[in-house]
Amino acid sequence: MSGGGCSIVWFRRDLRVEDNPALAAGVRAGAVIAVFIWAPEEEGHYYPGRVSRWWLKQSLAHLDSSLKSLGTTLVTKRSTDSVSSLIEIVKSTGATQLFFNHLYDPISLVRDHRAKELLTDYGIAVRSFNADLLYEPWEVNDDQGRPFITFSDFWDKCLSMPYDPAAPMLPPKRITSGDVSRCPSDVLVFEDESEKGSNALLARAWSPGWSNADKALTTFINGPLIEYSVNRRKADSATTSFLSPHLHFGEVSVRKVFHLVRIKQVVWGNEGNTAGEESVNLFLKSIGLREYSRYLSFNHPYSHERPLLGHLKFFPWVVDEGYFKAWRQGRTGYPLVDAGMRELWATGWLHDRIRVVVSSFFVKVLQLPWRWGMKYFWDTLLDADLESDALGWQYISGTLPDGREFDRIDNPQQLEGYKFDPNGEYVRRWLPELARLPTEWVHHPWNTPESVLQAAGVELGSNYPLPIVEIDAAKARLQEALSEMWQQEAAWRAAIENGTDEGLGESMESAPIAFPRDIQMEIDPEPARNNNAPATMVRHHGDQRVPSMTSSFLRVEEEEPSVDLRNSAEDSRAEVPTNMNLGQEPRREESNQGGLQTVRNNNNLRQFDTFGLQNTDYSTAESSSSTRERDGGVVPVWSPAASSFSEQLVGEENSLGSGSSYLQRHPQSHQIINWRRLSQTGARSWEMENTVEPNAIG
DNA sequence: CTGTACTTCCT
DNA sequence: GGAAGTACA
């Protein structure tokens, strides 16, 4: 096809040969050059952590061996600029086409757009595909064609779309290899000497690689899935799917997961197995959250570093590295939290429930800035995933429209972990110093009788800490912090109205809470795990300001773009994109909603009506055309204004004019994205459609 | 069977 | 905090 040149299939987080649309397209087009480019510097702060790099290394080796058995090989390149490397590969191989699968994190959106532009200019036919999601983010909209702002609405829609997700494709039977004789692979280094020892242990517990992922999926669906709803609340149960690292690297297709799970659902539905059906719904929901994380990232590319809602803009986060360190080391004095943090450090894994516990503790009790916790998760989790983790932390922090109240420490008794760890086995496993405490006391040593402690060999404050913060103190401090936040907010508004402080919004925007320097390097309680970061890692933290140790209540804002609150939204709201979906060709298969729950929840927006702002001028939001004529069709174009639906929200909610207005509760919600920084990267509009033909651009 | 107090979970 | 479920009069 296309003149007979070979195609580059650019692998990224789609390390599988099965149900890989980019690979399938390459195979269909003729000879294939399979490429992986390792350019971690492109990730900025989010240089992958040790365990994540370990996984990637294994997964790539696995993919390479699969490709070899199919007739080709994986070309690997070390790079600081993926797009330049692609052009080099084009030059050295004579490839005429490039295929890849979509990613939705902000860095990839920019980079992939640039890849498309530059390579198209170079005369290369570029096509990209959906391999990571059931539906592309722009396919899932409400009745007015606007993106959803709550998960439940989003997920209800996904489960009731008029067409099913694409059916998974089989792996190619054979791949014709392109000529790579003049395109040598670089040896990719994913771990340094100091990391090898720790990494060796990982191989005992995990088997990266797409066919292992497939086995894990089958095992889960035929086994633990049916018990999922019952067992999911046990901290150390082996009944989670353990698919998340596989899914992160795209070793298994989420569409295959979805299809196989729905088959089970139909079977169990016919059998009247309600427990099984409930399990399926819950498990699919966790798949849905992963979908939603991409959806949010696509619609709000800064959701990994900025709260989606602005109402915590003035919250005085506790910038205290001592707290942060205690949390990381599992020395907070709360056994369940500490057990979780030690498990995370030791294994790179944490049960979802425990993730909620430790992150909720981090935000609500310690009141540390959530981005620190998110960064630590990024550095340590085997399944570290920017979009999913951003969603999780924003949810915990109460900065999502459908999240929880911020001003409550929910279920403080869950910190006495009898719900997730009723017999204390989990705590005893990870906190040997508490192993001899009776179950009755193992979750709350702080009020355990002295005689019991002595008998168990526990000396509080010595071999196990007293609670770093008492729950009651944390509640009180939370209230103080909130009133301080409201004062700051009021002062800020007053200053703006007086015109005396125009610069504040700007300065806040440019002063996010810096990560503490080198957080990976000082964590380790055990020298054997010392994580001597390679030079590249250090560099990413080198330019960070270190938070002051002396001012634990230093007020540091989560940044927001400057918002001029004086003008009414109706006067100046941006043009509303209307036809994002026109170019889509919905698949025509008959929709099968067999038994899937489509109960519609109420939106249940939170009552955070503290600012009382109603007139908000989102003048910083740029307007941009959301569609482009192309090949006789209109295709959706990712562009800042098109994906930022703040202006639509303003329009709709203000026109409702009711006391339950969304924006009355969340006056600055969804005004979160500083598009200037995006445009600095050179992206004005990013094609995400999958049918760009050569020379169609420009 | 309906009303109501109580519990659980919430992305 | 509130919806949705549960137990019981």
Side-chain angles (χ1 to χ4, degrees), chain A residues 133-134 137 140 147-159 228-235 240-241 244 247 274-275 277-279 281-297 299-300 303-304 307-309 311-312 350-364 370 373-374 377 383 385-420 422 475 478-479 482 597-610 660 665-666 669-670:
Chain A
L133 295 175
L134 301 175
V140 185
F148 292 100
I149 56 168
T150 61
F151 169 73
S152 57
D153 290 344
F154 165 81
W155 190 231
D156 285 348
K157 177 71 179 190
C158 286
L159 294 176
Y228 188 78
S229 68
V230 184
N231 285 330
R232 81 205 147 99
R233 61 184 64 233
K234 291 190 192 146
T240 58
S241 72
S244 55
L247 281 167
T274 51
E277 279 195 287
E278 192 197 347
S279 288
N281 286 332
L282 277 167
F283 178 69
L284 286 181
K285 192 164 134 187
S286 70
I287 296 293
L289 285 167
R290 180 183 173 281
E291 296 271 310
Y292 190 55
S293 72
R294 271 73 180 154
Y295 188 78
L296 274 188
S297 177
N299 285 307
H300 303 283
S303 56
H304 64 299
L308 230 57
L309 298 181
H311 64 281
L312 296 181
L350 215 46
H351 189 285
D352 179 62
R353 294 286 100 194
I354 305 301
R355 295 183 197 206
V356 172
V357 169
V358 301
S359 56
S360 178
F361 181 83
F362 185 94
V363 172
K364 300 287 177 72
W370 62 269
M374 195 186 96
F377 270 24
D383 59 3
D385 182 285
L386 198 54
E387 297 97 307
S388 288
D389 292 345
L391 173 62
W393 282 91
Q394 293 230 23
Y395 164 65
I396 291 299
S397 307
T399 57
L400 292 179
D402 49 2
R404 337 180 138 188
E405 290 288 347
F406 182 80
D407 62 344
R408 273 181 46 243
I409 297 174
D410 33 48
N411 298 335
Q413 68 276 16
Q414 82 179 2
L415 293 168
E416 296 182 28
Y418 292 103
K419 197 156 73 173
F420 303 133
K475 281 180 181 167
L478 197 54
Q479 291 308 318
L482 284 167
Q597 203 172 55
T598 54
V599 178
R600 199 172 171 79
N601 294 332
N602 279 338
N603 225 349
N604 191 19
L605 293 171
R606 298 170 306 146
Q607 312 279 330
F608 212 93
D609 187 8
T610 51
S660 62
R665 292 172 190 162
H666 307 294
S669 58
H670 297 273

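Every chain is numbered from 1, with letters handed out A, B, ... down the list of sequences.
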With sequence neighbours excluded, residues passing side-chain hydrogen bond (donor to acceptor under 3.5 Å, both in side chains) with A:Ser229 = A:Ser279
Rounded off to whole Å, could you give me the NZ-to-C1' distance for the A:Lys364 and C:dG1 pair?
-> 12 Å
Taking only residues two or more places apart in sequence, or in another chain, which ones meet A:Ser293 in a side-chain contact (heavy atoms from CB on, under 4.5 Å)?
-> A:Glu387, A:Ser388, A:Leu391
Starting from P on B:dT11, measure out to CG on A:Leu282 and report it in whole angstrom.
-> 10 Å
Provide, to the nearest angstrom, the distance between the CG atom belonging to A:Leu284 and the P atom belonging to B:dT11.
-> 15 Å
Send over the distance from A:Tyr292 OH to B:dT11 C1', rounded to a whole Å.
-> 9 Å
OP1 or OP2 of B:dC10 under 4.0 Å from side-chain N/O of A:Lys285 | no
Does the side-chain ring of A:Phe151 lie flat on the base of B:dT11, meaning centres under 5.5 Å and planes less than 30 degrees apart?
-> no
Between P of B:dT11 and CZ of A:Arg294, the distance in whole Å | 19 Å
note: A:Ile396, atom CD1; B:dC9, atom P; distance rounded to Å ~ 15 Å
Using a cut-off of strictly less than 4.0 Å, decide whether A:Arg353 has a side-chain nitrogen or oxygen near OP1 or OP2 of B:dC10.
-> yes
Which class fits the ring pair A:Phe154 and A:Tyr295: parallel under 30°, tilted 30 to 60°, perpendicular over 60°?
-> tilted
Does a salt bridge link A:Arg290 with A:Asp383, judged by any charged N lying under 4.0 Å from a carboxylate O?
-> no
Separation of A:Lys419 atom NZ from B:dT8 atom P, in whole Å?
-> 8 Å
What is the distance, rounded to the nearest whole Å, between atom CD of A:Glu278 and atom P of B:dC10?
-> 10 Å
